[in-house]
Colleague: 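Structure in structure tokens, see below.
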Amino acid sequence: MKVLKFGGTSVGSPERMKKLLDIIDASQRQIVVLSAVSGTTNSLVEISFAYLHNDKEKAAMLIEALKAKYEVFIADLFNNSEFLNQGKEVIDYHFTLLKNLANDHFTTIEEKIVLAQGELLSTTLYHVYLHQIGVPSVLLPALDFMKIDEDNEPMIDYLTAHLLPLLNKYPENNLFITQGYICRNSFGEIDNLRRGGSDYTASLIGAGIRSEEVQIWTDIDGMHNNDPRIVKGTKPIAQLSFDEAAELAYFGAKILHPQSVFPAQKYKVPVRLLNTMDPKAAGTLISTSSEKNKIKSIAAKDDITAIKIQSSRMLLAHGFLRKVFEVFERYKTSIDMITTSEVAVSITIDDTSHLKEIKEELLRFGTVDIDTNQTIICVVGDFGAEQHGYAARVLEAVKHIPIRMISYGGSDHNMSLLVKAEDKIEILRSLHNRLF
Ligand code: ADP
Ligand code: ASP
Ligand code: MG
């Protein structure tokens, strides 16, 4: 059974929604994961922000504006009054819920309820649309099987145990529609898998049901060899290994949610990245195999903070790095890059919510320097230990740009550089011109 995920632009207009059936083969049993209609989650973020700041008037205005968009949307999606009325009931239900939150004390619990409405709306409207055109489908509530634990880690065994019985209830049915992004947390509250999380949902479902393939349908023909929003002339990559794709996703290739490769990789479920606007294009296949001895792609991760801890006591001391890492562990802050010398260690993080406390604790070991506004540039490919020349080619391409950190050899397929955010565009372009 395949899992097909369609992103925001792929369901972004009634016309696009209607076209999904050109891609979905309704004669095959499959799970279709939908994102919110593009722009909706951003609007929901604004609505929560207004509520969190107790600006109920602003929230009401934003809710009305979003509702008006959905009224136009359904007027186009449904062509007879019976289904149009059903569509109206759907949007009334969700927008009344949003409005009624004005009467509650608004906390992060309510915020997550707000953020969940986008995927609930898109999937329900699509389900009603399929009904209108006589295509049988089952709407599967993601909140019944998608769960994260107390460390915010998705629970794949829980998913398998709860999703398979749901699927088995409908042996005659082919099309199952479900929400991307949303889940329940360990308290049973509505939560989410972070922005862009529908990719993660698709990969988790693919892993949980040991799917034959996960397809991520988006607005571009696969993973490109550089960020197409910044660099001209980027090209799609035909094949990537799971490791290569995971590095690119984690280090900023927006086409994939940062964690979305791991579940599929764990159960060796191939992932295809495909273009809804050009369904015949080959796209990118992510699997256990990939072309060897080649630089594949470049990605950039913004808003990075570098922390340098300098200590004369580090000299010859064992256990020093452990103590440093323990500080980050205590504040549940993950480290992206590390470089060391005999007297100093530099570390990068992207979550700075505990930076102040972390700095205070690190000061016990020596001096601490913090640089904000950094960017990690990640060059990904297959450059095994016996290969030579890759690092030289990368460094040659960036010799005119100051480099704060370099990490190479952590794996066979990644070389990362830390630079100032202001140098990002130049470094991406320069690497592109020299490497491809
Ligand atoms: P969706 O809404 O379908 O999830 P996203 O906007 O999240 O789509 O991801 C697709 C976008 O990712 C593309 O339109 C492209 O601008 C951007 N992108 C950034 N880096 C890359 C890359 N290396 N390859 C392809 N797309 C990329
Ligand atoms: N709708 C969510 C977002 O905009 C999830 C997704 O699109 O993948 O972040
Ligand atoms: Mg996305």
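Atom set for the values below is all heavy atoms of this structure, side chains included, hydrogens, waters and symmetry mates excluded. Order of listing sets the numbers, starting from 1, for every ligand and every atom in it. Since we're looking at a predicted model, the values are computed, not measured.
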Colleague: Could you pull out, from K5, H224, R195, the option with a heavy atom nearest to atom 23 (N) of ligand 1?
Modeller: H224

Colleague: Hey, is ligand 1 close enough to S297 that some N/O pair sits below 3.5 Å?
Modeller: no

Colleague: Taking distance alone, with no angle check, do D199 and ligand 1 share an N/O pair under 3.5 Å?
Modeller: no

Colleague: Got a salt bridge between D382 and K296, using NZ or NE/NH1/NH2 to carboxylate O under 4.0 Å?
Modeller: no

Colleague: Heavy atom of G197 under 4.0 Å from ligand 2?
Modeller: yes

Colleague: For ligand 1, which atoms have a heavy atom of D219 less than 4.0 angstrom away?
Modeller: 10 (C), 11 (C), 13 (C), 14 (O)

Colleague: With a 3.5 Å cut-off and no angle check, do the side chains of Y408 and N414 form a donor-acceptor pair?
Modeller: no

Colleague: Heavy-atom contacts under 4.0 Å between K254 and ligand 1: side chain, backbone, both, or neither?
Modeller: both

Colleague: Ignoring angles and geometry beyond distance, decide whether T41 reaches within less than 3.5 Å of ligand 2 through its nitrogen or oxygen atoms.
Modeller: yes

Colleague: How are the rings of H162 and Y158 set relative to one another: parallel (under 30°), tilted (30 to 60°) or perpendicular (over 60°)?
Modeller: parallel

Colleague: Ignoring hydrogens, what is the shortest heavy-atom contact between R194 and N152? Give both atom names and the distance.
Modeller: NH2-ND2, 4.1 Å

Colleague: What I want to check is whether the side chains of T333 and H354 have a donor and an acceptor closer together than 3.5 Å.
Modeller: no

Colleague: Looking only at heavy atoms, is any part of K235 under 4.0 Å from ligand 1, and if so is it the side chain, the backbone, or both, or is it neither?
Modeller: neither

Colleague: Is there a donor in the side chain of H94 and an acceptor in the side chain of Q117, or the other way round, less than 3.5 Å apart?
Modeller: yes

Colleague: Counting only heavy atoms closer than 4.0 Å, does ligand 2 sit against the backbone of S35, its side chain, both, or neither?
Modeller: side chain

Colleague: Any luck finding a side-chain donor-acceptor pair between H105 and E110 under 3.5 Å?
Modeller: no

Colleague: Heavy atoms only: which of S198, A300, G197, P228 is nearest to atom 27 (C) of ligand 1?
Modeller: P228

Colleague: Got an N/O contact under 3.5 Å between G8 and ligand 1?
Modeller: yes

Colleague: Do E119 and ligand 2 have an N or O pair less than 3.5 Å apart?
Modeller: yes

Colleague: Please list the nearest protein heavy atom to atom 6 (C) of ligand 2 with its residue and the distance rounded to 0.1 Å.
Modeller: S198 OG, 3.4 Å

Colleague: Name the closest protein heavy atom to atom 3 (C) of ligand 2, giving the residue it belongs to and the distance to 0.1 Å.
Modeller: R195 NE, 3.3 Å

Colleague: Does any N or O of ligand 1 fall below 3.5 Å from an N or O anywhere on T218, backbone included?
Modeller: yes

Colleague: Looking only at N/O atoms, are D199 and ligand 2 under 3.5 Å apart anywhere?
Modeller: no

Colleague: Examine the side chains of S290 and Q239 and answer whether a donor and an acceptor come within less than 3.5 Å of each other.
Modeller: no

Colleague: Within a distance under 4.0 Å of any heavy atom of I220, pick out the atoms of ligand 1 and give their elements.
Modeller: 13 (C), 25 (C), 26 (N)

Colleague: Classify the contact between N226 and ligand 1 as side chain, backbone, both or neither, using a heavy-atom distance cut-off of under 4.0 Å.
Modeller: backbone

Colleague: Please list the nearest protein heavy atom to atom 12 (O) of ligand 1 with its residue and the distance rounded to 0.1 Å.
Modeller: I255 N, 3.5 Å

Colleague: On the 0 to 90° scale, with breaks at 30° and 60°, tag the H131-F83 ring pair as parallel, tilted or perpendicular.
Modeller: perpendicular

Colleague: Say whether G196, considering both its backbone and side-chain N or O atoms, lies within less than 3.5 Å of an N or O atom on ligand 2.
Modeller: yes

Colleague: For the pair K294 and E291, find out whether any cationic side-chain nitrogen is under 4.0 Å from an anionic carboxylate oxygen.
Modeller: yes

Colleague: With atoms numbered from 1 as shown, which atoms in ligand 1 lie under 4.0 angstrom from a non-hydrogen atom of G222?
Modeller: 24 (N), 25 (C)

Colleague: Could an N or O of ligand 2 be found under 3.5 Å from any N or O of K5, whether backbone or side chain?
Modeller: no

Colleague: Between S353 and D351, do the side chains contain an N or O donor and an N or O acceptor separated by less than 3.5 Å?
Modeller: yes

Colleague: Taking all non-hydrogen atoms of both residues, which atom of D219 and which atom of N275 are closest, and how far apart?
Modeller: C-OD1, 3.5 Å

Colleague: Less than 4.0 Å between a side-chain N and a carboxylate O, is that true for D371 and R404?
Modeller: yes

